[in-house]
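Before any comments, here is the structure.
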Amino acid sequence: MDYKDTLNLPQTNFPMKGNLPQREPEMLKQWEESNLYGKIEEAGKGRPRYILHDGPPYANGHIHIGHALNKILKDIVLKNKRMSGFAAPYVPGWDCHGLPIELQVEKNLGSKKHEISKLEMRKLCREYAHKFVAIQRAEFERLGILGEWDDPYLTLANSYEGAIARELARFAENGGLYKGKKPVHWCSSCGTALAEAEVEYADHKSPSIFVKFAMKDDLGALIPALAGKKASVVIWTTTPWTLPANLAVALHPELEYVGLEVNGEVLIVADGLKESFLSQIGAEGKLVATFSSKLLERKLARHPFLDQDSVILLGEHVTLEAGTGAVHTAPGHGQEDYELGLKEGLEIYNPVDNRGRFFENIPFFAGQFVFDANKNVIEKLIEVGALLKTAEISHSYPHCWRCKKPIIFRATEQWFISMEKNGLRERALAEINNVAWIPKWGRERIYGMIENRPDWCVSRQRSWGVPITAFYCKSCGEVLADGKIMHHVADLFTEHSSDIWYDWEAAKFLPEGTICKACGKGEFDKEMDILDVWFDSGVSHAAVLELRDNLESPADMYLEGSDQHRGWFHSSLLASVGTRGRAPYKSVLTHGFVMDGAGRKMSKSVGNVVAPEDVIKKFGADVLRLWVAAQDYRDDLRISQEILTRLSESYRRIRNTFRYILGNIHDFDPATDLVPVKEMPEIDRWAMHQLELLKEKVLTAYNESEFHILYHAVNGFCTVEMSAFYLDILKDRVYTSKGSSLARRSAQTVMYTILDNLVRMVAPVLSFTADEVWAELPGKREASVHTALFPALTPECKDAPLEGRWEKMIKVRGEVSKALELARVKKVIGHSLDAAVAIKASGETADLLKEFVGELASIFIVSKAELVEELSGEDVYRSEGGEALEVVVTAAPGEKCERCWCYDETIGQNTEHPTLCPKCLAAVE
RNA sequence: GGGCCUGUAGCUCAGUUGGCUAGAGCACACGACUGAUAAUCGUGAGGUCGGUGGUUCGAGCCCACCCAGGCCCA
């Protein structure tokens, strides 16, 4: 007789191999056909809301691994919240305006770009953005991210564009919006401002000059050594043409400066640069004084050739890399000069027109092109005796990417949102303290930025964006930025899209009878600048959260990469505080960046880029999701073939545990076969206790968004507690007991509960696999695990004393398995069931073992285990450390039962089944 | 150069207020099983806790400096 048929061996159709690259797309199809997301929304009705607001990726190109990380994290958070009893909608979004799209469209147009109108250009940009939204949407959905993919928010949608214009109107109304000046990269040849991306750096020859700025007053009172001497601060510059715009000279606040007597006058330079300075001007100098820059703060020097003063200021941007440590400062022609000028209240002075020529009222250089003016400035300096040295240098200099000509930095009229008006900075800082930053240091990071940032420049000289809805008087040029009118325009945008700005006459936007406040005339031009795209996405709380019925502001969470402290977190905070007086988020979670296996950043040129598409093709989305969960996202994350291979092996382990349990509960019906915990054998209660601990750990980890802890907990549970211990011990009971026996049903109840709970807990991460297992689980349940809840805590399953007893037993078991291993090496046994063990223990261990005496054999998975007072023979295994434990392993006595493979000394006594042990006889009957 | 952050076995992570012979899983080596089988079980070998100096009876944990790496600025 073949007794194998009388055993209850595992049976399941659930495949061992995930085959995820093939299976996942099928599941996606099924989710779509069954309207899974709709069912999730249905299930969420009436529950408290949890709003995770999606930061919009830019609608350009395919998704990269960083996108995948971000969206998967969001999806894990959301699924976690849904399974915790919240209604957690997910409305994905895209950032659709802006330069990169415009540039790409221009590039695609080639030479035709000059022939088309702004309106046509914008139409092409719109199409381009839509194309990549569709591409990225498919790529995101493939990752298993559930949400309103059919109705995402797009910043190019009419309603969104209207909202952008409306938020700008609010800033206009409360006075936060103003027009000011700021230097920008300017191409004099094209007559246009350039964005950073449109600037190319190339070698260029420039004059290099050292210029004296004579101190206005005698310095004797401050620095006695200089009393009665003519003293000058010396600056170095490679743009002589900016000298007519000079308003100040900057020194470093922490540096020492020196007075050098050269040819009867004193030259002031930084101490650290005095030698190089003297050698460059080819002069001998005598050190006459050393002093702190602070002594000169706010003292006045004379402009070398204009009848005006130049004030000495202190600035951290001054360096000792080159020059003299005294920096010629023209706030209209340099970024750092501009910032210092703003701080010190200097005029942002620009004497240069659109074509790069000095205005007609500029002495000496009127009408001259700036690069031509260089030599004239130098001549002037020679004439007035202010030039110490001139030379020519070749250095990296910005050029226009279009016409390839060198560009200049030039202050132009721009729109700003004031950080001080309405106390925006103060209130934003206060709001930062009301937000939960995860991890905590996010607060320091954004706080420092808001504390120090200049006013927000929101205008861009471009086509693809939402226009700044202001007007200019045709006759006097006065600005008209009226809140009411701007609100009206916003409504028109919502109705028709912002394209109408480029289509309609100004008058069509203005109420009948609008007149200029300055001159009383009634004809206007439209402002042609557009808004910074950070303003677009920054107002999403108004355009999305406030406008959609199922969302609300402030959001519970914003979740983005740590670069967004300067980006979206930042602009959203200012946009919301400036108009609503509060932050748009209650918590902000940030993650690090994805690095290669060595912790280096990915780059195409290095060739260490890992594309999500490749990971999915090779391993499947669940492995990628597991990768996200396994790493501590607060730091940078690493990805490599090795890491993915490890992870996919870990995935297999978890999957196999699921499969094994499924196989063992194939004949189990929870409706009728459930065994109450109280009636279970102790080891089953131990397993229930362990499950309870795991639940606590995992649910806490979800609550605290520490997903890597949950991964390690689940992984450890599957391998240590289950596979290597509980499930291994259970085999005998589950395989050989009668199918419907209490012993077997009890074990099945435990396994069923564990699998049910485990699958729920793992569903936010292993979304595909969990649903696949869910479909195989017995019992009545929701159609998808994604509409189910996390397992409820059942503290009554916890049993601390029992855990303590078993902890010790597990230690003893470890010692026994070492003894078994030695016997195995000596060929005494093969399988552990071939063995009989005799144990000598003392103290508490002995007492404990006595209590377990009947179960020792099954716990050790041996045929016979006995406790003895004395052990003899050579092969006694002695434990190291702790309480003394001695073990002797021998071949088990008796015959091997053909059915359960345990050795028994009574086999053969039954004539009908001469090869079975008594236990199996009972089971077979 | 500045702000914020990170650095524990080959990989991913633990390490509570400073007190352990620094842990776990995976990978690796060896072995067992062939009733979880492209599985499963056991045993074993892996670490001057980025470096140096300091505080302390005692430091992976505290301090200083340095090195390497990341994000954002300049």
Side-chain angles (χ1 to χ4, degrees), chain A residues 3-5 7-12 14 16-17 316-321 335-336 339 439-449 451-453 561-567 570 590-601 626-627 629-632 634-653 655-664 706 708-709 711-720 723-725 727-729 731-732 734-736 813-814 816-825 827 829-834 861 880-881 899-901:
Chain A
Y3 291 110
K4 191 169 173 176
D5 296 337
L7 291 170
N8 300 295
L9 295 177
Q11 288 177 28
T12 178
F14 188 82
M16 184 182 292
K17 264 194 84 175
E316 299 278 351
H317 64 286
V318 176
T319 69
L320 293 180
E321 268 167 42
Q335 182 62 30
E336 287 161 332
E339 283 170 20
K440 289 194 291 294
W441 50 257
R443 186 221 166 254
E444 320 309 327
R445 198 160 168 185
I446 195 166
Y447 196 95
M449 288 175 184
E451 205 172 20
N452 294 315
R453 68 157 296 150
S562 60
D563 57 333
Q564 297 304 323
H565 286 106
R566 167 133 320 246
H570 193 110
T590 48
H591 55 78
F593 277 68
V594 184
M595 300 295 137
D596 71 5
R600 304 299 174 104
K601 71 167 84 177
L626 194 60
W627 167 75
Q631 304 240 345
D632 186 349
R634 291 168 295 199
D635 194 2
D636 286 337
L637 295 83
R638 296 181 178 199
I639 196 165
S640 65
Q641 282 309 308
E642 184 190 1
I643 290 169
L644 287 167
T645 306
R646 285 296 101 84
L647 239 10
S648 75
E649 278 157 7
S650 173
Y651 168 84
R652 281 209 325 255
R653 179 49 166 263
R655 185 182 174 92
N656 246 316
T657 306
F658 292 170
R659 180 179 120 96
Y660 181 65
I661 294 181
L662 278 177
N664 278 311
E706 300 211 314
H708 64 285
I709 289 185
Y711 158 76
H712 283 281
V714 167
N715 192 43
F717 182 80
C718 286
T719 51
V720 182
S723 197
F725 184 72
L727 294 178
D728 206 22
I729 290 171
K731 280 175 189 164
D732 179 71
V734 174
Y735 294 171
T736 67
R813 187 176 188 260
V816 171
S817 68
K818 278 179 202 171
L820 287 171
E821 185 61 22
L822 291 177
R824 201 169 277 138
V825 170
K827 307 283 180 204
I829 59 162
H831 195 285
S832 61
L833 282 176
D834 300 342
I861 317 182
E880 289 168 30
R899 184 164 174 277
C900 74
W901 294 349

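Here is how names work: the chains are called A, B, and so on, in the same order as the sequence lines, proteins then strands, and each is numbered from 1. Keep in mind it's a predicted model, so treat the numbers as computed, not measured.
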Give every pair of a protein N or O atom and an N or O atom of nucleotides 22-26 of chain B that lie under 3.5 Å apart, one pair per line with the distance.
{"unit_1": "B:rG25", "atom_1": "O2'", "unit_2": "A:N715", "atom_2": "ND2", "d": "2.8"}

Touch check for A:R899, heavy atoms < 4.0 angstrom, all strands: base, sugar-phosphate only, or nothing? base
Looking for any heavy atom pair under 4.0 Å, which part of the strands does A:W901 touch: base, sugar-phosphate only, or nothing? base
Passing option when A:Y651 is tested against A:R655, A:E649, A:R653 for side-chain hydrogen bond (donor to acceptor under 3.5 Å, both in side chains): A:R655
Would the base of B:rC71 count as contacting A:R445 through its side chain, where contact means a donor and an acceptor less than 3.5 Å apart? yes
Any N/O donor-acceptor pair, A:S723 side-chain to B:rA36 base, under 3.5 Å: yes
Would you call A:R566-A:D563 a salt bridge at under 4.0 Å N-O? no
Can you measure A:D635 atom CG to B:rC4 atom C1' for me and round it to whole angstrom units? 12 Å
Interatomic distance, A:Q564 CD vs B:rC71 P [rounded to whole Å]: 13 Å
Any A:R652 side-chain nitrogen or oxygen under 4.0 Å from OP1 or OP2 of B:rA39: yes
side-chain N/O A:S562 vs B:rC72 OP1/OP2, d < 4.0 Å: no
Output all residues satisfying side-chain contact (heavy atoms from CB on, under 4.5 Å) with A:N8, sequence neighbours left out; order by chain, then residue number. A:R744
Of all the choices, B:rU6, B:rC72, B:rG42, which nucleotide is nearest to the side chain of A:D563 once you look at every atom? B:rC72
Compare the minimum distances between each of B:rU6, B:rA36, B:rU12 and the side chain of A:K731, then state the nucleotide with the smallest one. B:rA36
If you assign A:T736 and A:H708 each to the RNA chain B nucleotide with the nearest heavy atom, which residue ends up on the more 5' nucleotide? A:H708
